[in-house]
Amino acid sequence: MSRYSAAAIETKWQEAWTDAGIFRASRSEDRPKYYVLEMFPYPSGRIHMGHVRNYTMGDLIARYKLATGHNVLHPMGWDAFGMPAENAAMEKGGHPREWTYSNIADMREQMKPLGLSIDWSREFATCDPEYYGQQQALFIDFLEKGLVYRKNAVVNWDPVDMTVLANEQVENGRGWRSGALVERRELTQWFFRISDFAEDLLDALEGLDDWPAKVKTMQANWIGRSRGLQFAFDVIDGPEGHGEIEVYTTRPDTLMGASFIGVSPDHPLARQLEQDDAGLAAFNAECRRMGTSEEELEKAEKKGHDTGLRVRHPFDDSWELPVYVANFILMDYGTGAIFGCPAHDQRDLDFARKYGLPVMDTFVPADPPEGFTRPEAGGPAYVPPKSETVRYVRPVTGGEMQTGDDAVDAAIAHCESRGVGRGVTNYRLRDWGLSRQRYWGCPIPVVHCDSCGVVPERKENLPITLPDDVAFDQPGNPLDRHPTWRDVPCPNCGAPARRETDTMDTFVDSSWYFVRFTAPRAVTPTDLDDATYWMNVDQYIGGIEHAILHLLYSRFFARAMQICGHLPEKCREPFDALFTQGMVTHAIYVSRDENDRPVYHFPDDVEVHESGARLGATGEPVEIVPSAKMSKSKKNVVDPVSIIERFGADTARWFVLSDSPPERDVEWTDAGAEAAHKHLSRVYRLVSEIARMPAGAGTAEADDTLLREMHRAIHDVTGGVDSFGFNAAIARLYAFTNALAKSEAGGDAKRQAARTLAQLMAPMTPHLSEELWTMLGGEGLVATAAWPRADEAMLVDESVTLPVQINGKRRTEIRVPRDMDKAEVEKSALATDAVTKALDGAQPRKVIVVPGRIVNVVI
RNA sequence: GCCCAAGUGGCGGAAUGGUAGACGCAGGGGAUUCAAAAUCCCCCGGCCGAAAGGCCGUGCCGGUUCGAGUCCGGCCUUGGGCACCA
């Protein structure tokens with residue numbers, strides 16, 4: 001008997017699919033279209049298990065949809081701009097372009113053995129001038145529609161390397177290469193007006209029924225709609241132009257507990273005062289040395305500097321409050337100034353206690369719990385849960401009892417009626433800064449002219465391509481140092497002018513690639529007919545780490561492209577369904593060097609025994625650190641290529657689908673991969689035997705049992721695939737295989753069941769399934785065979801087993817006809833020994849019968 | 001610090017509010033074999049018990065319910081994101 005050999009069959013079937021052209025997508029009205037897309041990879045040079053998992057899931061969906069009669073689009077491309085290519089050029093020499101394209105070629109070769117059902121004719125990389133030229137055209141259209149503008153913004157500046165740093169390149173406040181303390185520097189940069197769309201981006205989340213709730217929640221919180229009061233404090237003897245300070249608060253009901261005013265170090269008032277106040281200037285300078293990330297800001301110790309200025313409370317002329325510059329106030333949010341109410345905000349309370357400011361409660365719990373200490377009396381800040389009723393002791397309105405949410409509205413109404421400010425809706429979402437001071441990105445297609453100002457390139461001059469002759473031997477953006485590229489005539493007046501040397505954020509590239517796949521060679525950004533036919537993406541699959549930025553930016557782009565006429569009306573939301581997959585993890589093997597620094601080891605170099613793990617070469621013991629995301633730095637990586645060479649693509653595919661729910665992380669283990677391979681070999685053997693069985697029926701009972709099991713398997717596997725329960729679907733296929741192996745059914749029934757097994761496995765193990773299909777005499781390719789349908793009549797049994805509980809604890813069970821009447825079920829449950837014994841002649845207090853499920857007798 | 005998740009046997013995990021542990025791995029026992037590999041069969045949460053069976057058990061504390069892994073409140077731990085990593 002021939003053994004299962006993946007090597008012998010996988011290439012053969014990949015060629016058969018290519019020859020049949022079954023993955024080439026073209027518009028057709030005779031079948032419903034289905035666009036399935038996995039988030040495209042960054043071409044690092046090696047595929048990793050996370051890629052295998054992502055593309056296997058997408059491929060499963062694509063193949064399943066093909067079998068269920070859909071016209072499937074399943075493309076692949078490369079998110080090819082970005083920092084690693086420049087880093088490689090700096091470290092190893094060479095050019096980012098060569099590095100990137102050679103990585104793409106390598107990764108394509110590593111991906112092809114997986115047998116993915118991809119239409120490779122649509123492949124492109126975002127660093128192809130054909131792609132980024134169309135992106136430049138989009139930018140010019142956005143500019144025309146006022147969707148993009150320039151303003152000042154801060155960046156991390158490395159004063160030694162004289163270059164802008166990404167947040168990732170800042171380590172503990174220092175530049176990653178130079179080690180110099182990072183400074184903040186203000187530059188004029190381009191911004192997309194995404195905040196103009198805040199309300200729509202928030203409201204439209206509700207319509208995204210097939211998105212994970214957690215992603216929608218994260219986006220909603222990110223957009224951050226809040227209702228609050230914006231009003232001004234009058235400054236006593238304030239400097240010229242600063243007679244008042246405008247603040248925004250979401251808690252106007254705590255206004256009578258205000259104890260200080262805080263302004264951002266970047267607030268115009270702070271900037272003016274620092275001119276004449278060396279202490280403040282030093283404080284502001286220190287604040288500006290902090291990184292630009294919100295995380296760093298929030299984690300930093302809260303500090304303030306008393307400006308000496310005082311403001312009047314809007315409801316009491318004699319009440320004066322001090323004005324502080326505080327390091328935790330963001331200039332980007334609200335008005336860049338707040339009032340602090342220490343009693344009801346822990347951060348404000350810490351600040352007040354640190355600087356000896358008063359603490360005044362505005363409300364207390366209506367029903368204080370035991371041990372409650374008011375903030376005034378030294379307790380922690382009192383922040384009531386939303387549902388809790390509170391009693392106002394210093395109400396804005398004069399009312400006595402109110403609850404949190406209504407109190408805010410009432411306070412706004414009251415303040416408005418007294419002429420103090422107005423209710424406003426604010427969003428946390430900021431405009432999207434897209435300028436990057438780097439080479440390896442899409443050039444921003446504008447020219448700076450001394451007389452005409454900022455002039456967009458003429459579209460006929462696109463693409464503005466990156467120059468080849470650049471060097472990375474010194475830090476900074478080589479475009480800045482490239483006079484023949486930089487110095488160009490003004491497209492408007494022809495006078496000498498300078499090209500913009502900033503390139504675009506790589507998030508721009510990934511915000512519309514999914515549209516480009518519908519017409520990758522179009523001479524305009526999109527082809528409206530193709531976009532109308534293929535969009536939206538029916539199923540998008542990718543990592544949860546993209547839950548906010550990439551997905552939000554893409555949603556913005558769909559709206560902006562629609563405004564510019566590049567997308568039809570229906571594409572306001574580009575992704576109908578979203579699935580976020582978990583990561584692939586692996587244990588980490590680590591030993592210590594003579595300086596007690598960690599040394600990581602590749603799994604291939606380690607032998608794991610029950611007594612512990614040792615290096616294979618030297619026998620040196622190594623520590624096993626619990627599983628974490630596979631990463632090069634920790635060396636806890638398994639190369640998919642070596643796994644495929646050892647076991648075949650189908651084994652790798654089967655394993656990454658089988659062991660964990662797809663949304664959760666999966667730990668790669670050798671044992672798991674071997675088990676997957678063993679199972680596929682068993683299926684191969686089993687089906688080979690069945691294929692040789694003589695035709696004919698077995699006993700009626702055996703045939704019926706097997707066919708019922710087959711229909712249940714069709715039902716469950718189909719349901720599992722539809723609901724992204726891939727691991728459950730695979731567990732079901734194990735059970736079906738076991739049933740098939742044990743069955744005494746005849747050759748006809750067994751062959752029918754085996755053919756169905758091949759079909760149900762085909763989206764997961766496409767090569768093996770083709771082989772089995774052929775063995776069993778199936779016609780054509782299993783990839784294009786119609787998906788089996790479960791016969792409803794075969795799914796239900798005549799009788800069911802019901803557990804019988806007494807007081808919620810299972811005590812016995814009864815076997816009853818499936819459609820038995822509730823009263824009858826109750827009667828038979830009460831007649832069981834366990835129940836009569838427990839009742840001991842008494843009447844049950846209550847009997848709950850859930851038909852087909854359970855009986856609970858309450859005594 | 002803030003936002004969002006997850007936590008179930010030795011391990012990965014299953015379970016529309018209804019028999020917790022399906023399916024798989026590891027482990028134990030057996031069959032086959034001259035022997036091994038491969039394969040096949042049985043057992044497999046903990047405690048008590050010869051068994052029948054009983055008690056406990058889904059990160060921790062409380063609550064809702066006839067019934068909670070599942071719902072609610074509060075914690076703990078781990079992971080993802082925090083706007084220039086992709």
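Letters A, B, ... are given to chains in the order of the sequence lines, protein chains preceding strands, and every chain is numbered from 1. In this text the structure is predicted, and so the values were computed from the model without any measurement.
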Below 4.0 angstrom from OP1 or OP2 of [N], is there any side-chain N or O of [X]?
{"X": "A:N738", "N": "B:G24", "result": "yes"}
{"X": "A:K214", "N": "B:A5", "result": "no"}
{"X": "A:R664", "N": "B:G7", "result": "yes"}
{"X": "A:N727", "N": "B:A14", "result": "yes"}
{"X": "A:R682", "N": "B:C40", "result": "yes"}

Report yes if a donor N or O on one partner sits less than 3.5 Å from an acceptor N or O on the other, where the partners are the side chain of [X] and the base of [N]; otherwise report no.
{"X": "A:R438", "N": "B:C84", "answer": "yes"}
{"X": "A:E295", "N": "B:C2", "answer": "no"}
{"X": "A:R853", "N": "B:U16", "answer": "yes"}
{"X": "A:E545", "N": "B:C85", "answer": "no"}

Would A:K302 count as a cation-pi partner of A:F351, with NZ or CZ less than 6.0 Å from the six-membered ring centre and within 45° of the ring normal?
no
Within 45 degrees of the axis of the six-membered ring of A:W222 and under 6.0 Å from its centre: does A:R428 put its NZ or CZ there?
yes
Given that both distances must come in under 3.5 Å, which nucleotide forms a Watson-Crick or G-U wobble pair with B:G1?
B:C82
Looking at every strand, decide which applies to [X] at a 4.0 Å heavy-atom threshold: base, sugar-phosphate, or nothing.
{"X": "A:P41", "answer": "nothing"}
{"X": "A:V850", "answer": "base"}
{"X": "A:H546", "answer": "base"}

Give me the distance, rounded to whole Å, that separates B:A14 from B:A22 when you measure between the P atoms they each carry.
12 Å
Any sub-3.5 Å donor-acceptor pair from A:N856's side-chain atoms to A:G808's backbone N or O?
yes
